[in-house]
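What follows is a short report on a single structure.
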Amino acid sequence: MKIELLKGDITKVAVDAIVNAANSSLLGGGGVDGAIHRRGGKAILEACQKIRNTQGKCKIGEAVITTAGNLDANYVIHTVGPIYNGGEKERKEKDLLANCYTNALHLAVKHSVKTIAFPNISTGTYRFPKDKAAKIAIATVQNFENINEIEKVLFVCFDEENYNLYKEILKS
Ligand code: ADP
């Protein structure tokens, strides 16, 4: 498995699966979620609505898979990151963030996805500290039990700060 880093817009990458930092409603939101639905078109929202109708909301740390609509991918994997509050809750929030990456990868393997792109889940509106989130993202991907079934993991950083953090961690 190869890890690559890219600074830019995740809706413009060509991979088998693009991961979305969704919210538990699965019905779209701002940030990367809004960008994916805008560029991917209504097929993604329709697929999310179907999932909503059968299983209800998506729990924090869990993931669901849909078509990628007009995006240059076969699938979008929607996962719901934790809202960061820190303090006594931090341990749990870190575990939930790790679950996002693990559960997205499990779905990827199940659907024979070989290349997958992740945004920096929870580091926008959900205000997870970027340094902590980056360490969790990279360590969780590297330690994923079936990582040999994935050929490439692309971390797509939208902002300079995340990009530099990922670069530093991946160098060491
Ligand atoms: P969350 O609610 O999980 O924090 P956000 O979408 O608010 O989700 O932010 C998650 C990360 O996605 C942030 O680092 C944000 O800068 C980034 N982001 C926003 N738009 C895009 C995009 N088009 N491509 C990649 N990353 C994006």
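Note: hydrogens, waters and symmetry copies are ignored here, and every other heavy atom, side chains too, is used. Indexing begins at 1, ligand by ligand and atom by atom, following the structure's order. These numbers were taken from a predicted model, which means no experiment stands behind them.
Note on residues 93-122: pairs passing salt bridge (charged side-chain N to carboxylate O under 4.0 Å, His left out), not counting sequence neighbours, are E90-K94, R91-D95.
Residues lining ligand 1 at a heavy-atom distance below 4.0 Å are given as G8, D9, I10, A21, G31, V32, A35, N120, S122, T123, G124, T125, Y126, F158, D159, N162, ordered by chain and residue number.
Residues A43 and T67 come closest through the heavy atom pair O-CG2, 3.7 Å.
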Item to complete: Apply the test ring pair (Phe, Tyr, Trp, His ring centres under 6.0 Å) to residues F144 and Y101: give CA-CA distance (whole Å), side-chain angles for both, the deciding distance (0.1 Å), then the verdict.
Response: CA-CA 9 Å; F144 178 61; Y101 288 89; over 10 Å; no
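Grouping Ile, Leu, Val, Met, Phe, Trp and Tyr by side-chain contacts under 4.5 Å, direct or through others, puts L154 with L6, I10, V13, V15, I18, V32, I36, I44, L71, V76, V156. L45 belongs to a hydrophobic cluster whose other members, connected by ILVMFWY side-chain contacts under 4.5 Å either directly or through intermediates, are L27.
If you run side-chain contact (heavy atoms from CB on, under 4.5 Å) between I77 and each of T66, N103, I65, only I65 comes through.
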